[in-house]
Amino acid sequence: MRVCIHRGSKQIGGSCVEIEKHGQRLIVDFGLPLDAEENTIQYLPEIAGLDGSDPSLLGILISHPHLDHFGLLTHISPNIPVGMGPAGRRILAAAAPFLPGNWPTPTHGWNYQSEQSFDVGSYRITPFLVDHSAYDAYALLIESDGKRIFYSGDFRAHGRKAVLFERLVANPPTNIDMLLLEGSSLGRLKDDKQFPSESDIEEQLVQAFSITEGLALVHTSAQNIDRIVSILRASKRTGRKLIIDLYTAAVLEATGNLNIPQSNWPDIALFVPQAQRIQIKKNAWFDLLKHHAANRIYIEQLKEAPKKSTLLFRPLYQFDLEQGNCLKGATYIYSQWEGYWEQGSYDKLKDWLERNAIPKYSIHTSGHASPVDLKRIVAAINPRRVVPIHTFFPERYVELFPNVEIHNDGQWWEV
Ligand SMILES: [Zn+2]
């Protein structure tokens, strides 16, 4: 097999790898760079056949539904098959109508089942479900002509599905010629340190909720399902209901997993902000609203019981909460990647918090494995070569792992 990292050899986000054997090509991940201001074609890697006209391009395998791994699918022919987890595919479809910009919703291709192999041309693919901050995330084993590549995707060992990491360490794929390994944590965390676990996050949330006299506003991605579980658990422990909007309700249902919080659970309520009510009316989403309205509440109820409520905050709630006088004693908990805040994505929100004298806390943990856990997985798989991807520090791999081979973006090499 020949392999080329089109993007990702020296950066986090926008990953894209192309693999070629006997004139048959596969693309693995097709991400929008994290620093892209808009999702436009200028970020497309130079790969032949993205218009669907070249049969040598067999398809695109997406590791998980994070924009920096699938976002550029918007710009390619819908005829190109796209492999991904079935729940991930449903989540993208459920989220699409609510989100601005070009949100791709791949409709056909391979639906992964963990550890179930399938063939694409002369390739055999085996997805492995992994623990990550995106739901339905996979590592991918790609085999052809006796050669075996393991693509880690994004993963961690400290989330609510940490057991998946332990299972992989205990029972790793063997005889791996090349491990393409993400290294997001390098440069962010000391080599001997661990990130807080999702259970630690739950404890920190319990503490923050306990000292909050009013509404607890927790700002996270509705697609970070592990985090929503932590927020719900912490809310229950502090006598609060979790309030969600229609977008979140739709995404939670799309997981297809009845163990994941749902809009009709007794400790969950639906509150539809004004901006979303306009969207619902405009797009006639009345059936969707009705479907999730079993526990619907209105602004008056939120105002009456702020200390008994946690709001899964999105910036579109600002108007309603301010108008409805719901903010006395409120705290704001930022619970996602600090980079968005630092980049200035939430500068308007910052002003709003100051205007309403709402204190801000940060409670978050990474979606990525610590250096310690990266070492464990490399030792377990024991690959012939380790190639850095999805990292700002490829040169650090040499210090951490044996048999490292660094490749630049756009460079082809033989496996
Ligand atoms: Zn990710």
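Order of listing sets the numbers, starting from 1, for every ligand and every atom in it.
- The side-chain tip of K360 points at the ring of Y334 from less than 6.0 angstrom away and within 45° of straight on.
- Look at R90 and E253 and you find no salt bridge, because none of the NZ, NE, NH1 or NH2 atoms lies under 4.0 Å from a carboxylate O.
- By the 4.0 Å N-to-carboxylate-O rule, R160 lies close enough to E202 to be salt-bridged with it.
- The Zn ion (ligand 1) has H64 NE2, H66 ND1, H132 NE2, D154 OD2 as its protein N, O or S neighbours under 2.8 Å.
- Ion pairing between K10 and D409 fails under the 4.0 Å rule for side-chain N and carboxylate O.
- K21 has a carboxylate O that lies under 4.0 Å from a charged side-chain N of D145, or vice versa, which qualifies the two as a salt bridge.
- We find that R148 and D177 are not joined by a salt bridge, their nearest charged nitrogen and carboxylate oxygen being 4.0 Å or further apart.
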